[in-house]
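The figures here come from the full heavy-atom set of this structure, side chains too, leaving out hydrogens, waters and symmetry mates. As the structure lists them, so they are numbered: ligands from 1, and atoms in each ligand from 1.
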Amino acid sequence: MLRTIAGFDRIGEENAFAVLARATALAAEGKDIINLGIGQPDFKTPGHIVEAAIKALKDGHHGYTPANGLLAAREAVARRTLTTTGVEVSPENIMIVPGGKVTMFAAILIFGEPGAEILYPDPGFPIYRSMIEFTGAKPIPVPIREENGFAFSAEETLALITPQTRLLILNSPANPTGGVTPKSEVEKLVKGLEAHPHVAIMSDEIYDVMTYDGEEHCSLLTFPEIRDRLIILNGWSKTWAMTGWRMGWSIWPNQLYDKVRKLAVNCWSCVNAPSQFAGIAAIDGPQDDVIKMCKAFDNRRKVVVDGLNSLPGISCATPKGAFYAFPNVKETGWAAKQLATALLDEAGVALIGGPDFGILGEGYIRLSYANSEENILRAIERMGKFLTK
Ligand code: PLP
């Protein structure tokens, strides 16, 4: 019997990948499956971005790049950050990493150990909790409530901070709820954090361009008072439909930067060069496709919310960001995970049960509306038939 570390008895997974595998297997058996399970845009990466990667390969960019990323890529991220937040960030504080997830992996590894407490949103992206548990730190869920528009509450968050708290994870616009935390609440939180200078903050802003109904994303970066302990997680996956390229970036305070750079040297060495050239083209090139994609998500959002609200036992709050709907299914009488499984097996609709995103996800299911309007309508029809059976 091999003896491995206890962390691997605690590490979790992302059930969206398991649902994707099951949906793909069912489709391979000839079943007609509509996949509203996986959180990735159904669009292709815009052509000029793909061309930039091909050109980089043809130009001979085949070798290692610096562990923190090509300077040109970090400069591009600094330009993009200035445009979207109005904040100037030095390329010396930017890391190019292989995907958005890598930033949370690094941040949680840097702060997590037995005796430490890490606050994370529940329901929230499942890897936060998984990685916290892996390190042996105590995961402290911050409740994200439907009655609060799925925004985080500054008051509730601040009340959970103890002397053992090392890291606070925030996410807006949010997965799985589509919640967007208003600026006033973020301001309240930042004000409260002044009393807790021992707490680092990791703000996952990977859906920053995807807000609707005039809602504005408020970046934590716009608060200079916490900059020396703030980590920003962002990346190319969602905004430019680049999930498979594995391209993310993060912004780190001076006191942590060298730690994550060394982690890169010890693990992934660097991000592949052609993807970084693609990333530069994504930021500096035309944004028409991004705008088109967000417009399409906005339209589908209305279709999915109207459709869900027409189903018996289901009520769906209107999500203000990202590309997820998180309807309340308590009145159907089903437990959320069982409902998700039954909908896949019996109705051919792949979606995720809320408990896969945390204890407070019970009573909800997550639908990704990164799929065509036609498929969304077909899925709603199938769900309706299933629920009235
Ligand atoms: N953060 C959130 C909130 C996400 O929803 C996701 C992906 O679904 C990620 C981070 C990870 O992104 P990436 O695919 O770039 O690793």
Do Tyr128 and ligand 1 have an N or O pair less than 3.5 Å apart? no

Can you measure from CH2 (Trp236) to CH2 (Trp249) and round to the nearest 0.5 angstrom? 5.5 Å

Nearest non-hydrogen protein atom, atom 3 (C) of ligand 1: Asp204 OD2, 3.2 Å

What part of Met104, side chain, backbone, both or neither, has a heavy atom within less than 4.0 angstrom of ligand 1? side chain

Step by step, work out the side chain to side chain donor-acceptor pair (under 3.5 Å) result for Arg301 and Tyr369. CA-CA 7 Å; Arg301 182 179 68 107; Tyr369 50 85; 4.7 Å; no

Residue, atom name and distance, where the atom is the protein heavy atom closest to atom 9 (C) of ligand 1: Phe125 CZ, 3.8 Å

Which residue supplies the protein heavy atom nearest to atom 12 (O) of ligand 1, what is that atom called, and how far is it? Ile206 CD1, 3.5 Å

Closer than 4.0 angstrom: is that true for some heavy atom of Thr243 and an atom of ligand 1? no

For Tyr324, is at least one N or O under 3.5 Å away from an N or O on ligand 1? no

Quick one: which of Thr103, Ile232, Ile94 gives a side chain to side chain contact (heavy atoms under 4.5 Å, CB included) with Trp252? Thr103

What is the nearest protein non-hydrogen atom to atom 8 (O) of ligand 1, stated with its residue, atom name and distance? Lys238 NZ, 2.6 Å

Please say whether Gly100 places an N or O atom under 3.5 Å from an N or O atom belonging to ligand 1. yes

Working to the nearest 0.5 Å, report the span between CD1 of Ile132 and CD1 of Ile140. 9.0 Å

N/O to N/O below 3.5 Å, does that happen between Lys101 and ligand 1? yes

With heavy atoms under 4.0 Å as the rule, classify the contact between Tyr207 and ligand 1 as side chain, backbone, both or neither. side chain

With a 4.0 Å heavy-atom cut-off (strictly under), which part of Ile127 contacts ligand 1: side chain, backbone, both or neither? neither

Any N or O on Arg246 sitting closer than 3.5 Å to an N or O of ligand 1? yes

Can you tell me how far the CG atom of Leu233 sits from the CZ atom of Phe125, to the nearest 0.5 Å? 9.0 Å

Approximate separation, where rounding is to 0.5 Å, of Leu367 CG and Ile352 CD1: 9.5 Å

Side chain to side chain donor-acceptor pair (under 3.5 Å) for Asp228 and Gln255? Distances and angles first, verdict last. CA-CA 7 Å; Asp228 64 342; Gln255 55 178 328; 4.7 Å; no

Side chain to side chain donor-acceptor pair (under 3.5 Å) between Ser172 and Glu205: does it pass, once the steps are laid out? CA-CA 6 Å; Ser172 172; Glu205 304 187 359; over 6 Å; no

Pair Phe323 + Tyr207: ring centers closer than 6.0 Å: yes

